[in-house]
Q: 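I have a structure I would like to understand better, so I am pasting it below and will then ask my questions one at a time.
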Amino acid sequence: MDVHHDKDTNLVTASFELPGLQKENVSIDVHDNVLTVSGETNTSSERNEDGYAIRERRFGKFTRSLSLPQGIKNEDIKASMNDGVLNITFPKSVPEAAPARIAIA
């Protein structure tokens with residue numbers, strides 16, 4: 001998982017490399033300000049080579065969790081998947097939660 005913050009747009013992008021997975025095999029959940037990406041791979045292949053039957057199987061589950069800033073709404077989180085790379089973007093802070101400077105009188 002790679003996480004990048006763009007200060008100009010105030011967006012955080014989390015990228016997950018998931019080779020061989022389709023978006024139907026990946027789940028994104030948010031609970032108590034924790035974003036969880038999980039999925040399952042289940043592939044097998046079979047070929048005949050020089051009189052031998054070669055079978056390869058790959059099975060596995062994964063889960064990654066990421067804490068979200070306070071006040072992030074579910075509709076502020078965007079996800080896209082292209083060529084086995086899942087990108088999730090969300091604002092680093094919401095305008096109401098952004099720090100404000102108070103002048104001393």
Side-chain angles (χ1 to χ4, degrees):
M1 169 174 61
D2 294 322
V3 180
H4 302 282
H5 174 233
D6 185 348
K7 293 181 182 182
D8 296 332
T9 60
N10 193 39
L11 288 177
V12 175
T13 302
S15 299
F16 301 83
E17 293 181 12
L18 307 172
L21 286 180
Q22 302 297 318
K23 64 182 180 179
E24 295 80 18
N25 302 92
V26 179
S27 174
I28 303 171
D29 300 306
V30 177
H31 182 68
D32 291 335
N33 284 343
V34 175
L35 182 134
T36 303
V37 176
S38 58
E40 185 172 356
T41 181
N42 188 359
T43 59
S44 63
S45 65
E46 184 175 330
R47 67 181 189 274
N48 291 317
E49 194 173 295
D50 297 327
Y52 293 96
I54 300 172
R55 294 183 183 122
E56 295 184 44
R57 295 176 193 93
R58 187 175 66 170
F59 303 95
K61 294 181 180 184
F62 70 92
T63 301
R64 299 288 182 269
S65 295
L66 179 66
S67 295
L68 295 173
Q70 290 291 329
I72 298 294
K73 298 177 184 153
N74 289 350
E75 53 270 8
D76 293 337
I77 302 170
K78 308 293 182 210
S80 64
M81 189 162 180
N82 190 19
D83 294 331
V85 178
L86 173 66
N87 289 308
I88 301 173
T89 58
F90 53 89
K92 183 169 181 170
S93 61
V94 292
E96 307 87 48
R101 184 167 294 271
I102 307 297
I104 300 173

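As the structure is a computational prediction, the values presented were derived from the model and not from experiment.
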Q: Go through the steps to decide whether Asp2 and Phe16 satisfy the test side-chain contact (heavy atoms from CB on, under 4.5 Å), and finish with yes or no.
A: CA-CA 7 Å; Asp2 294 322; Phe16 301 83; over 6 Å; no
Q: Does His5 have any side-chain contact (heavy atoms from CB on, under 4.5 Å) partners at least two apart in sequence or in another chain, and if so, which?
A: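 Only Lys7, Asn10, Val12, Lys92 meet the side-chain contact (heavy atoms from CB on, under 4.5 Å) criterion with His5.
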Q: What's the separation between atom OG1 in Thr9 and atom CG in Asp6, rounded to the nearest 0.5 Å?
A: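 Those atoms lie 3.5 Å apart.
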Q: Mind checking the CD1-CZ spacing from Ile88 to Arg64? Nearest 0.5 Å is all I need.
A: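 Reported value, rounded in 0.5 Å steps: 12.5 Å.
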Q: About how many Å separate CG of Asn42 and NZ of Lys61, when rounded to the nearest 0.5 Å?
A: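 The NZ atom of Lys61 sits 10.5 Å away from the CG atom of Asn42.
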Q: Considering only distance and modelled atom types, tabulate donor-acceptor pairs under 3.5 Å from the side chains of residues 24-41, sequence neighbours left out.
A:
| unit_1 | atom_1 | unit_2 | atom_2 | d |
| --- | --- | --- | --- | --- |
| Ser27 | OG | Asp29 | OD2 | 3.3 |
| Asn33 | ND2 | Gln70 | OE1 | 3.1 |
| Thr36 | OG1 | Ser65 | OG | 3.3 |

Q: For Ala79 and Leu86, which heavy atoms make the closest approach, and how far apart are they?
A: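 Closest approach of Ala79 to Leu86, heavy atoms only: CB-CD1, 4.5 Å.
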Q: Going by the side chain to side chain donor-acceptor pair (under 3.5 Å) test, which pairs reach into residues 77-91, not counting sequence neighbours?
A: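 Residue pairs passing side chain to side chain donor-acceptor pair (under 3.5 Å), neighbours aside: Ser15-Asn87.
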Q: Please report the closest heavy-atom contact between Pro91 and Ile72, naming both atoms and the distance.
A: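 That closest heavy-atom pairing would be O-CD1, 3.1 Å.
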Q: Count I, L, V, M, F, W, Y as connected when their side-chain heavy atoms are under 4.5 Å apart, and connections chain through other members. Are Leu21 and Phe59 then in the same cluster?
A: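 Each belongs to a different hydrophobic cluster.
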Q: Could you list the residues that satisfy side chain to side chain donor-acceptor pair (under 3.5 Å) with Thr13, not counting sequence neighbours?
A: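 Thr13 satisfies side chain to side chain donor-acceptor pair (under 3.5 Å) with no other residue.
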Q: Can you list everything that forms a salt bridge (charged side-chain N to carboxylate O under 4.0 Å, His left out) with Glu56? Sequence neighbours excluded, please.
A: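 Scan of Glu56 (salt bridge (charged side-chain N to carboxylate O under 4.0 Å, His left out), adjacent residues dropped) gives Arg47.
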Q: Spell out, yes or no, whether Val85 and Met1 are grouped together once hydrophobic residues are joined by side-chain heavy atoms under 4.5 Å, including indirect joins.
A: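 Val85 does not cluster with Met1.
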Q: Start with the C-alpha distance between Phe90 and Leu11, add both sets of side-chain angles, then the distance that settles side-chain contact (heavy atoms from CB on, under 4.5 Å), and finish with yes or no.
A: CA-CA 6 Å; Phe90 53 89; Leu11 288 177; over 6 Å; no
